[in-house]
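Just below is one structure, and these are the notes that go with it.
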Amino acid sequence: MRREVTLDDEGRCALTLDGVVQWQADTGVSRAAGNPFREAIAWAEAGVVVVGGGTTMLALNGERGAVLARHDIPDGFGRFAVVTSRTLGPLLLVLGWCHVVALDTKLEARWTAHDVAVDGLLLRACDGDVVLLSAELDPPGGWVDVALDVSSGARR
């Protein structure tokens, strides 16, 4: 079964299975609202579709598209990354412009790593219990490598 999640320019998120639309939801995460980075992904371990953009992250019920949770992202949304901790299990990393928030499958924040970057974060890898990120520190720093403990968010 082929599952596809889409997020259109107006902020409508849709889940499609084998080419058949299962549901659509208006998320408010539109390009017109000034959201330079937007993303929607299915997170199977939690049974949800997560949508991020601007200063908002939504978790939608994977079967119906109803909003289950909303989290504020004060520094601005960048990307999602799914990783696994040996002690906490599957985690969704919400990578903001400066901070990283780890959510568990119950959509509860397990930890936040503050001031990891100045202007963006990218996941490079998750190796065992270490999350490897690229962090934009702006001139003179540019992009630098950062390692966080996947279970606590502490720098390594």
Show your reasoning for whether side-chain contact (heavy atoms from CB on, under 4.5 Å) applies to Val49 and Ile41.
CA-CA 6 Å; Val49 169; Ile41 66 168; over 6 Å; no

Treating Ile, Leu, Val, Met, Phe, Trp and Tyr as nodes and any side-chain heavy-atom pair under 4.5 angstrom as an edge, say whether [X] and [Y] lie in one connected cluster.
| X | Y | answer |
| --- | --- | --- |
| Leu92 | Leu68 | yes |
| Val21 | Leu7 | no |
| Val100 | Phe37 | no |
| Val5 | Val29 | yes |

Backbone N/O of [Y] and side chain of [X]: donor-acceptor pair under 3.5 Å:
| X | Y | answer |
| --- | --- | --- |
| Glu108 | Leu103 | no |
| Asp75 | Cys98 | yes |
| Thr112 | His114 | no |
| Glu10 | Arg12 | no |

Derivation of the side-chain contact (heavy atoms from CB on, under 4.5 Å) call for Leu60 and Val67: CA-CA 4 Å; Leu60 308 176; Val67 175; 3.6 Å; yes

key: Candidate list Thr84, Asp127, Val131, Leu88, test side-chain contact (heavy atoms from CB on, under 4.5 Å), partner Val150, passing option   =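 Among Thr84, Asp127, Val131, Leu88, the one that satisfies the side-chain contact (heavy atoms from CB on, under 4.5 Å) with Val150 is Val131.
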
The single option from Val94, Leu93, Leu95, Val51 that satisfies side-chain contact (heavy atoms from CB on, under 4.5 Å) with Phe80 is Val94

Test side-chain contact (heavy atoms from CB on, under 4.5 Å) on Arg38 and Thr27; report intermediate values, then the result.
CA-CA 11 Å; Arg38 301 174 326 121; Thr27 66; over 6 Å; no

Over 12 foreign heavy atoms within 6.0 Å of CD, Gln22: yes

Is it true that atom CZ of Arg156 has more than 12 heavy atoms of other residues, nucleotides or ligands lying nearer than 6.0 Å?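 Count over threshold, so yes.
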
If I take atom [atom1] from residue [X] and atom [atom2] from residue [Y], how far apart are they, to the nearest 0.5 angstrom?
| X | Y | atom1 | atom2 | answer |
| --- | --- | --- | --- | --- |
| Ser134 | Leu122 | OG | CG | 6.0 Å |
| Met57 | His71 | CE | NE2 | 5.0 Å |
| Trp111 | Leu148 | CH2 | CG | 5.5 Å |
| Asp104 | Glu45 | CG | CD | 12.0 Å |
| Asp26 | Cys13 | CG | SG | 10.5 Å |
| Trp97 | Asp119 | CH2 | CG | 7.0 Å |

Do [X] and [Y] make a side-chain contact, defined as non-hydrogen atoms from C-beta onward lying under 4.5 Å apart?
| X | Y | value |
| --- | --- | --- |
| Ile73 | Thr56 | no |
| Val116 | Arg155 | yes |
| Thr105 | Leu107 | no |

Next item on the list: Only counting residues at least two apart or in another chain, list the ones meeting side chain to side chain contact (heavy atoms under 4.5 Å, CB included) with Leu132.
Entry: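 If we apply the side chain to side chain contact (heavy atoms under 4.5 Å, CB included) test to Leu132, skipping adjacent residues, the hits are Arg124, Ala125, Val130, Ala147.
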
Exercise. With salt bridge (Lys or Arg N to Asp or Glu O under 4.0 Å) as the test, would you mind laying out the steps for Asp18 and Arg2 before giving the verdict?
Key: CA-CA 5 Å; Asp18 291 331; Arg2 197 177 118 236; over 6 Å; no

